[in-house]
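Working notes, beginning with the structure itself.
Index from 1, following the sequence.
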Amino acid sequence: MTSRSGKPSPLPRRALLGTALGGAAAAALPGTAHAEQPLPAGLPAGTGPMTGPGEGPWKLHDTMTTDAAWDRFLHGQDLLWSRLPTHWYEGPFLGDGQLGSMVYQEPGAQQIRFTVQHGRVQDHRPEFGSGWGTCRLPVGHLTLEPVGTITAVNWRLSLWNAELTGTVTTTAGTLTLAALVHDEVLAVRARAAGGERVAWTFRPEDAISPRRTSEAPPAGYTVNPPWTTRTTADGTEQVLQALTGGQTATAYRRTGDELLLSVGHSSPSTTAAETESLRTLRRAGSYAALRRRHLRWWHAFYRKSFVSFPDQRLQSFHWIQLYKVASASRAGGPVMATSGPWLEPTPWPAVWWNLNVQLEYWLIHGSNHPELDALATTLRQNQEQLIANVPAAYRADSSGVGRSSDMFADRAVGRPGTGAETGDLTWALHNVWLSYRHSMDESLLRDTIYPVLRRAINYYLHFLTPGSDGRLHLPSTLSPEYPVVPPQDTNYDLALIRWGCRTLIESAERLGVDDESAPRWQEVLAKLTPYPVDANGFMIGADTPYAQSHRHYSHLLMVYPLYLVNWDQPESRDLITRSVAHWHALTGAHRGYSYTGAASLHAMTGDGDTAISYLRKFFDPTTRYPCRPNTHYTEAGPVIETPLSASQSLHDMFCQSWGGAIRVFPAVPSTWADVTLHDFRTQGAFLVSAVREAGATRFVRIRSLAGEPLRLRHGFTGRVTAVLDDGSPARTQDLGDGTLGIDLPRGREVLVHSGSRPDLVIAPVAVGEPGAAWGLP
């Protein structure tokens, strides 16, 4: 593949509509035969009946600009404990994207456990698979050991400060605690009063797969050597865990009321972790010094976006998920495993690629936090491993990843025709495509998405064969989690092939690449067999109906999140409705993300009331797998993706940007009369601020970060005014169906409203549905 000029060339200003954006194949918005074109250069201001004249300069009044305002607002979202948590899914949790700690009662003892786990700590024996040979490995835990019997706790997990504070009352006295995790250091400060004392013990855990709780190790597996301890010259205690091809080292030091602990991990070096953990500990300094750096990071983090809505418990839940994902992931760090950095006994001590990873990272886009995208950096950094994952005969031009792997994506992928699960890399690349579309960072498209997606789709192309109907067919592959393998044409894979080919064609155009494979991609799009469908909607695959309860929506991927088949296509609406209804009509296997997925699917249709009814099932304690007291979630073991995907369901109610159009408040539940969004990031790299009051949108402000074409479904009635940030009227075009095309250069802002100019205030909305705090209040 070559650039016409030998290097990437600039592109004309145009929208990447169609399925590369997640829209329909022919993706012009209804009533706009040429919606993909930029506004005509000579378009006069206020064209058509949709826009009024300019009204002079304007400026948002953002009440959330001070530390005091943020502290006050987030204080109302904090988790609280008046009872001692006894399980990991009840207690406080801390993390910095690598090191993680959960706090709860030490099982069987009057002590408090601070778990010590790290996202990089894993085994390095791929011959035993991701469940045993390259799995996450436990590190250990600290125990705080009071003199007396614990009678009460009073704890607060401050979101604004990302810090646990509070007291432990015992029959002997009181312990006052503060704890945080920053720069791979767990810092704890504990003070005793009355007859109490502060006593800490670090307890290493055996370096063996947490999967041992559910199955025996594979044949030939040997346990790692026992850990050893030493004390350095400055009094630092260190635990050293030797591994085959690596080392884990935990260093901790107590000074007065403070205890600082750090974990290092190295591979292939069997000694570097020892040095790393000591260096990290020295760099931390003291609790106060670490806390100053910690607060700077977190206070800047929250200011990047704002959302407020009247359901107190769900609003708190949403802000806790932002805290959670920032505690669990940072760009350049380890991609989240199923439990994030908080490892507990689980059958899934690895990275799962057939749904978990995708759902884990969706909410970072709208919340304007690309700095958390470890998925994109993982795929960029491990391209050679992705090549090695496919059978040797296909490595010249193909890449893939199996169902589960370590943080380096080390897992072979099976061949179509054998019933293997083959599409997971392509789906993960859709997440990276979303990162690109929300940032318009061309380097992400050029260096990661285009080369890796090209190879992922090439792997499919080796196996597509023409049938007697003249269509291209794919031999047997597995639709993730469904127990029956279709003989051919699995909908999961057909959707990913279509999305991948269209995305490659559009990406090549944007990059100025004259790719010799483009005619083949076009041929596939023209000849690929239609999705198998029956009277109940989308099937699993050819000759394989959706006939038994299924927690995964793998067979509906073309609807969500790919939006290849979507609500903007009137001819598709009945098929979508039947498919989603039938998916949930067969009960028994549904889990938490079955409800969050259904909520997002209904939000796509604009039905906010049905969307919220499904989402609330995830929080209903009478369901089999509800959200837990600290907002974490467990099935047979911890799985972090489902609560994070619930926040994306909320995003889908508040703002959507698939198919080349930004939809503001497209599916807000009717009971939520007031909603505030600020700097919500959308595809095309726009920052959207909008206020809904008394059930009606008052104004929308959009800032362009990349100069992409802007098409806004605003929801206003009557005459609409669009004004640039200097007070001049924006150049607009009525595109029909409530969509306004707006010419908005990079770095500029536009205000859109109907009627007279409203108060342009960004502020929290009043609570209309009170609810208890999360935790054990």
Ignoring hydrogens and angles, tell me if any N or O in the side chain of Q648 forms a donor-acceptor pair with the backbone of Y361 under 3.5 Å. no
Does E184 have any salt bridge (Lys or Arg N to Asp or Glu O under 4.0 Å) partners at least two apart in sequence or in another chain, and if so, which? none
Strictly distance-based, threshold 3.5 Å: is any side-chain N or O of Q656 a donor or acceptor partner for the main-chain N or O of D652? yes
Residues in ring-ring contact (aromatic ring centres under 6.0 Å, His included) contact with H118, at least two apart in sequence or another chain: none
Taking R330 for its side chain and A326 for its backbone only, find out whether a donor-acceptor pair lies under 3.5 Å. yes
Counterpart residues, salt bridge (Lys or Arg N to Asp or Glu O under 4.0 Å), relative to D123 (two or more places apart): R125
Tell me every residue that passes salt bridge (Lys or Arg N to Asp or Glu O under 4.0 Å) with E523, counting only those two or more places apart in sequence or in another chain. R520, K527
Would you please name every residue forming a ring-ring contact (aromatic ring centres under 6.0 Å, His included) with Y323, sequence neighbours left out? F93, W298
Quick check for you: to the nearest 0.5 Å, what is the distance between L710 atom CG and R703 atom CZ? 14.5 Å
Scan for ring-ring contact (aromatic ring centres under 6.0 Å, His included) pairs involving residues 381-415, sequence neighbours excluded, and state none if there are none. Y394-Y459, Y394-H462, Y394-F463
Who pairs with T465 by side chain to side chain donor-acceptor pair (under 3.5 Å), at least two apart in sequence or on another chain? none
Looking only at heavy atoms, which two atoms of V401 and A409 are closest? And how far apart? CG2-O, 3.8 Å
Polar side chain donor-acceptor pair, S405 to S130, under 3.5 angstrom: no
For R711 and T739, what are the C-alpha separation, side-chain angles and deciding distance, and is it a side chain to side chain donor-acceptor pair (under 3.5 Å)? CA-CA 6 Å; R711 285 154 181 80; T739 303; over 6 Å; no
Is there a donor-acceptor contact under 3.5 Å from the side chain of R446 to the main chain of P451? no
Inter-residue atom distance L474.CG - Y492.OH, 0.5 Å rounding: 12.5 Å
Distance under 6.0 Å and angle within 45° of the ring axis: does R663 meet both against W658? yes
Keeping the roles fixed (side chain from T605, backbone from H602), state whether a donor-acceptor pair exists under 3.5 Å. yes
Interatomic spacing from CD in Q358 to CG in L644 - rounded to 0.5 Å: 13.0 Å
I364, V688, L705 screened by side chain to side chain contact (heavy atoms under 4.5 Å, CB included) with R681, the one that passes: L705
Show every salt bridge (Lys or Arg N to Asp or Glu O under 4.0 Å) that has at least one partner inside residues 421-432, sequence neighbours left out. R403-E421
To the nearest 0.5 Å, atom CH2 of W583 lies from atom CZ of R551 at 12.0 Å
Assess the residue pair L453 and W499 against the criterion (side chain to side chain contact (heavy atoms under 4.5 Å, CB included)); give the C-alpha distance rounded to whole Å, side-chain angles, the decisive distance to 0.1 Å, and a yes or no. CA-CA 10 Å; L453 182 59; W499 174 81; 3.8 Å; yes
Could you go through the side chain to side chain contact (heavy atoms under 4.5 Å, CB included) check for V559 and N566 one step at a time? CA-CA 6 Å; V559 183; N566 62 67; over 6 Å; no
For D679, the salt bridge (Lys or Arg N to Asp or Glu O under 4.0 Å) test, sequence neighbours excluded, returns R701
Between D406 and R136, does a salt bridge (Lys or Arg N to Asp or Glu O under 4.0 Å) hold up when you go through it step by step? CA-CA 7 Å; D406 64 354; R136 289 275 309 279; over 6 Å; no
Smallest separation among heavy atoms of W427 and N354, with atom names: CZ3-O, 3.1 Å
Derivation and outcome, side chain to side chain contact (heavy atoms under 4.5 Å, CB included), residues V565 and Y531: CA-CA 10 Å; V565 179; Y531 301 117; 4.0 Å; yes
Minimal heavy-atom distance between L744 and I702, with the atoms involved, is CD2-O, 3.6 Å
Check: R591 main-chain N/O paired with S594 side-chain donor or acceptor under 3.5 Å: yes
Indicate yes or no for a side-chain donor-acceptor contact from D373 to the backbone of L375 under 3.5 Å, with no hydrogens or angles considered. yes
For W362, enumerate each residue passing the ring-ring contact (aromatic ring centres under 6.0 Å, His included) test, keeping only those at least two apart in sequence or located in another chain. Y560
Distance from L445 atom CG to S435 atom OG, nearest 0.5 Å? 12.0 Å
Could you check V750 against V700 for side chain to side chain contact (heavy atoms under 4.5 Å, CB included), going step by step and ending with a plain yes or no? CA-CA 8 Å; V750 65; V700 178; over 6 Å; no
Checking T490 against S479: is there a side-chain donor and acceptor pair closer than 3.5 Å? no
Kindly write out the residues that satisfy side chain to side chain donor-acceptor pair (under 3.5 Å) with S649, not counting sequence neighbours, or none if the list is empty. S600
Just by distance, do the side chain of Q381 and the backbone of T378 share a donor-acceptor pair under 3.5 Å? no
For this output row, return yes or no: ring centroids of F301 and H369 closer than 6.0 angstrom. yes
Quiz question: by atom type and distance under 3.5 Å, do the side chains of T596 and S645 form a donor-acceptor pair? yes
Hydrogens and angles aside, do D493 and T477 bring a side-chain donor and acceptor to less than 3.5 Å of each other? yes
Any donor-acceptor pair under 3.5 Å from S329 side chain to V325 backbone: no
Sidechain-backbone polar pair: R498 side chain, L528 backbone, donor-acceptor under 3.5 Å: yes
Those residues that, when tested against R380, pass side chain to side chain donor-acceptor pair (under 3.5 Å) (two or more places apart): none
Quick test of your reading of the model: are E516 and R454 salt-bridged, counting only N-O distances below 4.0 Å? yes
Inspect the surroundings of CZ in R746 and state if more than 12 heavy atoms from other residues, nucleotides or ligands are less than 6.0 Å away. no
R510/E442 salt bridge by N-O under 4.0 Å criterion: no
Does a donor on one side chain and an acceptor on the other come within less than 3.5 Å for S443 and D441? yes
For the ring pair F686 and H438, is the centre-to-centre distance below 6.0 Å? no
Indicate whether the side chain of D515 and that of Y450 have a donor and an acceptor atom separated by less than 3.5 Å. yes
Between R471 and D489, does any NZ, NE, NH1 or NH2 come within less than 4.0 Å of an OD or OE carboxylate oxygen? no
Answer yes if the ring centres of H555 and H550 are under 6.0 angstrom apart, and no otherwise. yes
Should N356 and E360 be marked as a side chain to side chain donor-acceptor pair (under 3.5 Å) after you check the CA-CA gap, both sets of side-chain angles, and the distance that decides it? CA-CA 6 Å; N356 304 68; E360 288 164 0; 5.3 Å; no
